[in-house]
Trainee: 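Questions regarding the structure given below will be posed in turn.
Lettering follows sequence order; numbering is per chain, from 1. All values reported here derive from a predicted model rather than from experimental measurement.
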Amino acid sequence: MATVEIIDLVKRYRSTQALRGIDLRFEPGRVSGVLGENGSGKSTLFRILAGVTRPTRGSVLIDGENVGVETRRMSAYLPEIDSFYTWMSIEEQLKFIGSFHPGWNAAKARELTHFMGLDSSARIGELSKGQRARLKFIVAFSWPSRLVLMDEPLGGIDPPSRTRILRAMMQEFRAEEQTILISTHLVNEIEEFVDDVVFLHDGEIALQGNADALRNDRGASLSQMFEEVLS
Amino acid sequence: MNDFITLYMKELRAQRMVIGVLLLGTLGLSIYALTGLGDVPQPRLALIILPYASALGLPFLLIHAISSEWSAQTHYQILALPVPRWLVLLSKVAVVLSLGVVIYLCSTVFLQVIADRMTAMMLAQDGSGDSFRIEPHMDGSTVWAVSGIVYGVLLLPLLGIACAASGVRVMAQRFKGLSTLGVFVAGAYLYGKLQIPIVHALEKIFGKWELDLPIHHGTATASDVHLLLMYSVLFAALGVGVGAVLFEKYVEA
């Protein structure tokens with residue numbers, strides 16, 4: 001069974017259509033890149049998968065269940081926007097989120113906090129944008145969620161640290177069988193980590209498939225495909 | 001239950017500044033009124049009534065508690081939690097209600113102290129030693145019952161309306177301020193319109209109370225104030241229910 005199964009998903013805001021009837025499947029244990037320029041529908045897709053936005057039409061199943069309380073229990077969603085409580089300390093924020101997830105691993109959260117070079121007693125309101133971005137990774141990988149939804153997770157993190165952090169997350173901190181979806185327009189940063197890719201353009205799927213197969217077929221890197229497909 | 005407590009504690013901390021200011025204000029006013037109690041009742045004693053007026057402001061604290069999640073963009077986090085949305089709303093209602101109860105308890109303790117001291121002063125002036133001759137006669141139970149009923153009748157319907165307004169706000173795509181105002185006006189109208197038939201219906205079930213009013217001690221009066229309080233509780237429950245359903249059904253990032 002696919003971790004995520006999307007059928008004819010449409011999301012319409014008042015005057016714009018963010019998603020125009022897309023069909024997608026994300027298999028267990030795979031890392032998928034959802035790539036597209038600003039306004040292509042990536043964030044809307046992630047919000048719907050996280051259950052914070054309702055689709056206008058279509059069906060979304062996570063582990064065979066319609067999006068709701070149960071699917072939110074098995075998903076770690078990290079929006080592009082900073083959604084942390086600025087008056088909390090890092091430790092309080094992690095404890096707050098962790099209390100809703102029985103599988104939360106406080107020791108792993110501490111290890112990740114140390115890895116990210118953050119002080120757990122620091123107030124979130126006093127963190128830099130890059131430090132808050134690192135905190136998102138801690139939230140995502142401190143428990144063995146079935147699905148990790150990371151919407152533009154690299155924004156704010158200095159370029160030299162991006163690959164180091166992503167590599168550590170994928171190789172050291174990721175739980176087994178965890179399905180990871182990363183949306184970004186920084187394609188070259190995630191190129192080496194993704195198994196599958198979906199290119200979104202204007203709310204529609206422009207191209208999708210296995211990353212290696214696409215690279216072989218087209219003789220191009222994902223970054224080059226991004227330029228081609230979305231131009 | 002654990003999820004509710006976690007949300008409740010989070011909300012309590014999120015609103016700690018407002019809560020602190022309101023509680024300090026209540027304490028300050030009460031102490032100021034108490035220290036004004038000399039040989040003759042001072043005009044500043046009237047200030048002891050002011051904290052009860054917070055019942056008018058608490059519903060707006062509820063609306064603020066909800067809208068601040070959106071303005072701070074923390075709604076992405078709160079809506080992604082594995083809890084029903086109505087539980088989020090309920091935790092905020094519970095915090096505002098708790099604050100209302102604490103303000104009531106604090107104000108009424110001071111009110112009773114003042115009432116006792118005033119009675120003692122009037123007794124000394126009267127010279128008879130019979131507290132039942134003193135008017136207004138304000139014994140402890142009367143002070144607590146009357147202030148509690150008035151406070152409840154004022155606070156609960158407003159809180160219910162604020163809840164329904166919060167639900168309508170998340171449903172409304174535009175004109176959120178206007179729709180909030182509309183719900184408050186419609187809610188107040190509905191509260192007034194339904195009051196007589198529902199209080200009559202409740203009277204048939206529960207009957208009236210024999211109540212000694214403090215101003216006219218000794219004259220037992222058939223009162224329906226407890227029915228008015230029951231009606232207010234029911235109306236508040238209806239408002240919270242409407243708000244919870246709308247919140248569950250329509251809230252989104």
Trainee: As an exercise, state the distance from CD1 of A/I180 to CZ of A/R30, rounded to the nearest 0.5 Å.
Mentor: 12.0 Å
Trainee: Just checking, any donor-acceptor pair under 3.5 angstrom between side chains of A/Q178 and A/S145?
Mentor: yes
Trainee: If you count heavy atoms of other groups shown closer than 6.0 angstrom to CD of A/E5, is the number above 12?
Mentor: yes
Trainee: Pull out the residues in residues 64-79 of chain B that come under 4.5 Å of chain A, heavy atom to heavy atom, sorted by number.
Mentor: B/E69, B/A72, B/Q73, B/T74, B/Y76, B/Q77, B/I78, B/L79
Trainee: If you look at every heavy atom in B/L228 and B/V199, which pair is closest and at what distance?
Mentor: CD1-CG2, 4.2 Å
Trainee: I need the A/F137 CZ to A/I165 CD1 distance, nearest 0.5 Å.
Mentor: 6.5 Å
Trainee: Can you measure from OG (A/S83) to CD1 (A/I97) and round to the nearest 0.5 angstrom?
Mentor: 7.0 Å
Trainee: Give, as side chain, backbone, both or neither, the part of A/R54 having an atom under 4.5 angstrom from any heavy atom of chain B.
Mentor: both
Trainee: Pick one of side chain, backbone, both or neither for B/R174, based on which atoms fall under 4.5 Å of a heavy atom in chain A.
Mentor: side chain
Trainee: Between A/S40 and A/E37 (side chain of the first, backbone of the second, donor and acceptor by atom type, cut-off under 3.5 Å), is there such a pair?
Mentor: yes
Trainee: Identify which part of A/E92 has an atom lying under 4.5 Å from any heavy atom of chain B, answering side chain, backbone, both or neither.
Mentor: side chain
Trainee: Could you state the interatomic distance from CD1 (A/I182) to OG (A/S32), rounded to the nearest 0.5 Å?
Mentor: 9.0 Å
Trainee: Looking at A/R20 and A/D202, is there a salt bridge between them, counting it only when a charged N and a carboxylate O are closer than 4.0 Å?
Mentor: yes
Trainee: Checking ring-ring contact (aromatic ring centres under 6.0 Å, His included) between B/F184 and each of B/Y189, B/F60, B/Y191, which is the one that passes?
Mentor: B/F60
Trainee: Taking B/R16 for the side chain and B/R13 for the main chain, is one N or O donor matched with an acceptor at less than 3.5 Å?
Mentor: yes
Trainee: With a strict 4.5 Å heavy-atom criterion, list every residue of residues 88-103 of chain B that contacts chain A, or say none.
Mentor: none
Trainee: Nearest heavy-atom pair of A/L45 and A/V34: which atoms, and what distance?
Mentor: CD2-CG1, 4.3 Å
Trainee: I'd like to know if the side chain of A/K108 reaches the main chain of A/W143, judged simply by a donor and an acceptor atom lying under 3.5 Å from each other, with no hydrogens or angles considered.
Mentor: no
Trainee: How would you list, in number order, the residues of residues 151-168 of chain B that have a heavy atom less than 4.5 Å from chain A?
Mentor: none
Trainee: Quick check on the interface: out of A/R72, A/M74, A/K95, who has the most heavy-atom pairs with chain B under 4.5 Å?
Mentor: A/R72
Trainee: Under 4.5 Å from any heavy atom of chain B, what part of A/E80 do you find: side chain, backbone, both or neither?
Mentor: neither
Trainee: Atom CG of A/L35 and atom CG of A/L186: how far apart are they, to the nearest 0.5 Å?
Mentor: 10.0 Å
Trainee: Could you tell me which portion of A/Y85 (side chain, backbone, both or neither) has an atom closer than 4.5 angstrom to a non-hydrogen atom of chain B?
Mentor: both
Trainee: Using 4.0 Å as the upper bound for N to carboxylate O, is an ion pair formed by A/K42 and A/D151?
Mentor: no
Trainee: Could you tell me which residues in residues 234-253 of chain B have at least one non-hydrogen atom under 4.5 Å from a non-hydrogen atom of chain A, sorted by residue number?
Mentor: B/F247, B/E248, B/K249, B/Y250, B/V251, B/E252, B/A253
Trainee: Considering only heavy atoms from C-beta outward, does the side chain of A/F84 approach that of A/I90 to under 4.5 Å?
Mentor: no
Trainee: Taking the six-membered ring for Trp, are B/W144 and B/Y104 parallel (under 30°), tilted (30 to 60°) or perpendicular (over 60°)?
Mentor: perpendicular
Trainee: Considering all heavy atoms of both residues, which atom of A/L154 and which atom of A/E189 are nearest to each other, and what is their separation?
Mentor: CD1-CB, 3.6 Å
Trainee: Considering all heavy atoms of both residues, which atom of A/T113 and which atom of A/A109 are nearest to each other, and what is their separation?
Mentor: OG1-O, 2.6 Å
Trainee: Say you draw a straight line from CD of A/E172 to CG of A/L112; how long is it, rounded to the nearest 0.5 Å?
Mentor: 9.0 Å
Trainee: What part of A/M88 gets within 4.5 angstrom of chain B, counting heavy atoms only: side chain, backbone, both, or neither?
Mentor: side chain
